[in-house]
Amino acid sequence: MKRKFISALLGALLLFILYILAQLIFGLIQTFLYRPQFAPDDFVLQSEVAFGFIIQVSPIMLIGIYMLVTLILFALLMLKKERREQN
């Protein structure tokens with residue numbers, strides 16, 4: 001049971017890492033492929049460079065979501081184990 005919970009923790013961590021990496025890669029792709037569209041009389045260029053992403057959730061909420069994903073993965077692993085024992 002302890003092994004299943006540790007597997008669920010690592011699985012949730014992997015999902016969060018993949019989610020963050022996907023956001024960063026998507027941002028990089030959008031940055032490299034950006035083509036500004038100017039109006040005919042608009043020649044003002046942006047003078048600042050902005051890159052990154054904003055997490056609009058409080059850190060406590062992120063920890064809660066992480067634990068919820070962990071519990072869901074743990075429940076799925078336990079259900080898989082029970083079905084395997086029944087067959």
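The structure displayed is predicted, hence computed values, not measured ones.
Once rounded to the nearest 0.5 Å, the distance linking CG of L33 with CG of L28 reads 10.5 Å. Atom CD1 in I63 sits 13.5 Å away from atom CG in L68 (nearest 0.5 Å). Atom-to-atom distance recorded for K4:NZ and K80:NZ is 7.0 Å, nearest 0.5 angstrom. Atom CG of L24 is separated from atom OG1 of T31 by 10.5 Å, given to the nearest 0.5 angstrom. In this structure, L10 CG and T70 OG1 are separated by 9.0 Å, a value rounded to the nearest 0.5 Å.
L79 belongs to no hydrophobic cluster with other residues, because no ILVMFWY side-chain heavy atom falls under 4.5 Å from its own, directly or through intermediates. Using a 4.5 Å cut-off between side-chain heavy atoms of Ile, Leu, Val, Met, Phe, Trp and Tyr, L77 forms no hydrophobic cluster with any other residue. Taking Ile, Leu, Val, Met, Phe, Trp and Tyr as members and joining any whose side-chain heavy atoms lie under 4.5 Å apart, directly or through other members, I60 forms no hydrophobic cluster with any other residue.
Under a hydrophobic clustering in which Ile, Leu, Val, Met, Phe, Trp and Tyr are joined whenever their side-chain heavy atoms come within less than 4.5 Å, directly or via other members, L71 and M61 fall into the same cluster. Hydrophobic clustering keeps V69 apart from I6 (ILVMFWY residues linked when any side-chain heavy atoms are closer than 4.5 Å, directly or through intermediates). I65 and L9 fall within a single hydrophobic cluster, where Ile, Leu, Val, Met, Phe, Trp and Tyr side chains are chained together by heavy-atom contacts under 4.5 Å. Residues L14 and M67 do not share a hydrophobic cluster, defined by chaining ILVMFWY side chains whose heavy atoms lie under 4.5 Å apart.
Screening residues 10-20 for side chain to side chain donor-acceptor pair (under 3.5 Å) gives Y19-Q23 as the qualifying pairs, with residues at least two apart or on separate chains.
In terms of the ring-ring contact (aromatic ring centres under 6.0 Å, His included) criterion, F26 has no residue partners (sequence neighbours excluded). Residues satisfying the side chain to side chain contact (heavy atoms under 4.5 Å, CB included) criterion with L13, sequence neighbours excluded, are I17, Y66.
Contact of the F5 side chain with the M78 side chain is not registered, since no non-hydrogen atoms from C-beta on lie closer than 4.5 Å.
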Run the numbers on I72 and L76 for side-chain contact (heavy atoms from CB on, under 4.5 Å), then give the verdict. CA-CA 6 Å; I72 290 170; L76 290 173; 4.3 Å; yes
Could you please spell out the steps behind the side-chain contact (heavy atoms from CB on, under 4.5 Å) verdict for L73 and L15? CA-CA 11 Å; L73 287 175; L15 286 174; 4.2 Å; yes
